[in-house]
Protein chains: 2
Amino acid sequence: MDASLEPQKARRLALLLRERIASGEIAPGARLPGEPALALEHGVSRVTVRRALDTLASDGLIDRRVGSGTFVREPDAPRPIVADFSNMLTHLVEMGRRTGVRLLAFAYVQPPEAVAQALGLKAGERSQRSVRVRLIDGQPFSYLTTHVPERIGLTYSEADLAAVPLLTLLERSGTAIERASQTIGATLAGPDVAEALGLEIGSPLLALTRVVFGPDGRGVEHLQALYRPDRYSFQMELHRAGDAGERRWSPVPCRTTDSGEATPGPGLRAAQAARG
Amino acid sequence: MDASLEPQKARRLALLLRERIASGEIAPGARLPGEPALALEHGVSRVTVRRALDTLASDGLIDRRVGSGTFVREPDAPRPIVADFSNMLTHLVEMGRRTGVRLLAFAYVQPPEAVAQALGLKAGERSQRSVRVRLIDGQPFSYLTTHVPERIGLTYSEADLAAVPLLTLLERSGTAIERASQTIGATLAGPDVAEALGLEIGSPLLALTRVVFGPDGRGVEHLQALYRPDRYSFQMELHRAGDAGERRWSPVPCRTTDSGEATPGPGLRAAQAARG
DNA sequence: GTCGGTTGTCCTATACGCTAGACAGGTAGT
DNA sequence: ACTACCTGTCTAGCGTATAGGACAACCGAC
């Protein structure tokens, strides 16, 4: 059960099969081709096929039955959290699930150049850096690294940060918050992030970078959030806007669902399937 | 220059360093830690470090100078595309850069179960599957897999698809388009996607799944888009909404900039820095 | 110049992913 | 029972990535 190292060809095959399963190309309950068939099809030895299947099996994606074959397991549905964008909840406490926070680091540091520039710090100015991991039902799903200018960070304590959302702390201390600019991308899990989120190194992550600005236009908070895509994803409803010739999508204006669960509908199923 | 096989640890290190460079965590022009230092830091041998640096060097990301060190090269500025969400441009032709499309596959197939369900197809109904790669300045940045119900797909030809945006084709053929539901996540590049996008297998990708619905509520298009995060990311402006106690972010209502470039301002710089 | 640190090159030994088999035991259909 | 196919386990051997060195050539600071 160590499965520490992920070899090359076996890893490829595992990734490939994982996607086929996640995308529904191989329906749940269906039987995979036999190991010799897979070996022949992908030009690898049977041992390699078995290694790939081993990792899928230990992830609970497939079910191997001696004598009959390997089958795609029905997902036990630890349904991922889906954050609604039209609503854009800042925090998930309201989602009806038990969430928690672990504070991994807290210190005043020299911020990386990119962060300093985003926050509008002068050279040499320090920032308060904190690293937190958010949990849902005891399972970690996001890794947050925040930088706050030192003058603002001093208005609250380390214990505050472990208990109260950062934005609340900022507002409580009189820091006005106006607008923010954020970017969504993707990254790989580094060693530390991988361990904190219970992943292997090199796992894919949703990356969100948000810079929060106060009314004076100065940066107040720099947030780098990394999400496990199998437990967290962004969802939004769009509608078609604009005249012919210049048509585009625009997000549906805040239609909050009280349940906190993501807006139901056909999209959800697809979202799960595509989480690969 | 064969570099056919990508070893394990060297590959990880290369990916990790590549991202640190792309994210600006190691500023352009800065000097990397020495090879012995990197080896110690990551718990690998110097040979492995060198292999990782070799791939980065051959990609033109770093500059190695005997006797003085290894430096991050100033990027030749293939600036990443930043898609504005408040605006949510469906297509990038307007962005003032030469874009192109390559049609990789076009066929009528039995759709995977998840797609059939999202589109509301009955068992046995076929769909038109197409795989396209979008280019910008000759460089691929997105890999699009679309499924359209067969009855709708028949209204246009393969050549049409290679030249005209799909949504335009749909609307031109009288298919009304109302709303869409989309989800954003992250994945790893499989073998085929990796090759099409000029990436290594296992590179991180932004994954967007969109299901487009017509006025009758039936699915019209199922899109799975995979983006290279170093060339494409989502950007949006938010402002603080809601009363105290229940405050949240909401997207800035469509403030279109005519330039097509993402909305300028302090956020842009941050977006680039954090695009990793 | 001297000295410390750097990259470039070479070496050997080990670890391990992969191949190519053979064989045992289970399952399902005939 | 018989047969065909499946997964599970084991073996032997090969290729190569990795570890851990030693050494040369180079650069920059003092």
Side-chain angles (χ1 to χ4, degrees), chain A residues 1-18 21 26 29-73 191 200-202, chain B residues 1-18 21 26-27 29-73 188 191 200-202:
Chain A
M1 189 66 83
D2 55 357
S4 52
L5 274 197
E6 291 255 350
Q8 189 64 4
K9 300 195 176 181
R11 179 187 177 83
R12 283 189 186 184
L13 224 190
L15 276 176
L16 195 141
L17 292 176
R18 187 188 298 269
I21 291 174
I26 310 178
R31 187 180 144 276
L32 293 177
E35 290 172 2
L38 284 175
L40 187 64
E41 176 184 352
H42 296 91
V44 298
S45 82
R46 209 191 126 203
V47 183
T48 305
V49 171
R50 283 189 61 73
R51 269 212 277 272
L53 294 181
D54 282 344
T55 74
L56 295 188
S58 73
D59 286 4
L61 287 176
I62 58 176
D63 206 16
R64 311 169 93 176
R65 287 197 276 275
V66 178
S68 48
T70 304
F71 300 83
V72 178
R73 177 172 295 192
E200 302 175 49
I201 296 178
Chain B
M1 186 66 89
D2 55 356
S4 52
L5 274 198
E6 292 263 346
Q8 190 62 7
K9 300 195 175 181
R11 176 190 178 82
R12 285 189 183 181
L13 224 190
L15 283 174
L16 197 142
L17 291 176
R18 185 189 300 268
I21 292 174
I26 310 177
R31 189 180 141 277
L32 293 176
E35 291 171 1
L38 284 175
L40 188 63
E41 177 183 352
H42 295 90
V44 298
S45 79
R46 208 191 128 205
V47 185
T48 306
V49 171
R50 282 190 61 74
R51 268 212 276 273
L53 294 181
D54 283 343
T55 75
L56 295 188
S58 73
D59 286 4
L61 287 176
I62 58 175
D63 208 13
R64 311 169 92 175
R65 287 197 278 274
V66 178
S68 50
T70 304
F71 300 84
V72 177
R73 178 169 295 192
L188 297 181
E200 302 174 51
I201 295 178

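We name chains A, B, ... by the order of the sequence lines, and we start the count at 1 in each one. As a basis for the values below, the full set of heavy atoms in this structure was taken, side chains included, without hydrogen atoms, waters or symmetry mates.
Spacing between atom NE2 of B/His42 and atom C1' of D/dT18 amounts to 16 Å, rounded to whole angstrom units. Put simply, NZ on A/Lys9 is 14 Å from C1' on D/dA17, counting in whole angstrom units. Remark: C1' of D/dC5 and CG of A/Leu38 are 14 Å apart, rounded to the nearest angstrom. When the C1' atom of D/dA17 is taken as reference, atom CZ of A/Arg11 falls 16 Å away, rounded to whole Å. The separation between A/Arg51 atom CZ and D/dG8 atom C1' is 15 Å, rounded to whole Å. Rounded to a whole Å, the CG atom of B/Leu40 is 16 Å from the C1' atom of D/dT18. Atom CZ of A/Phe71 is separated from atom P of D/dC6 by 11 Å (rounded to the nearest Å).
Residues B/Thr55 and B/Ser58 share a closest heavy-atom pair of O-OG, 2.9 Å. Here the shortest heavy-atom pairing between B/Arg31 and B/Gly69 reads NE-CA, 4.0 Å.
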Short heteroatom pairs, N/O only, protein and nucleotides 5-7 of chain C, under 3.5 Å:
| unit_1 | atom_1 | unit_2 | atom_2 | d |
| --- | --- | --- | --- | --- |
| C/dG5 | N2 | B/Gly67 | O | 2.9 |
| C/dT6 | OP1 | B/Arg31 | NH2 | 3.1 |
| C/dT6 | O2 | B/Gly67 | N | 3.3 |
| C/dT7 | OP1 | B/Thr70 | OG1 | 3.1 |
| C/dT7 | OP2 | B/Glu35 | N | 3.0 |

Next on the checklist: Checking A/Arg64 against A/Leu53 for the side chain to side chain contact (heavy atoms under 4.5 Å, CB included) test, could you report, in this order, the C-alpha distance in whole Å, the side-chain angles of both residues, the deciding distance, and whether it holds?
Outcome noted: CA-CA 9 Å; A/Arg64 311 169 93 176; A/Leu53 294 181; 3.4 Å; yes
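In this structure, OG in B/Ser45 is found 7.5 Å from CZ in B/Arg51, a value given to the nearest 0.5 Å.
Partner of B/Arg18 under the side-chain contact (heavy atoms from CB on, under 4.5 Å) criterion, chosen from B/Ile62, B/Asp59, B/Leu13: B/Asp59.
Remark: A/Ser45 is in phosphate contact with C/dT19, judged by side-chain N or O atoms under 4.0 Å from OP1 or OP2.
Both cation-pi conditions hold for B/Arg65 and B/Phe71: the charged atom is under 6.0 angstrom from the six-membered ring centre and inside a 45 degree cone around its axis.
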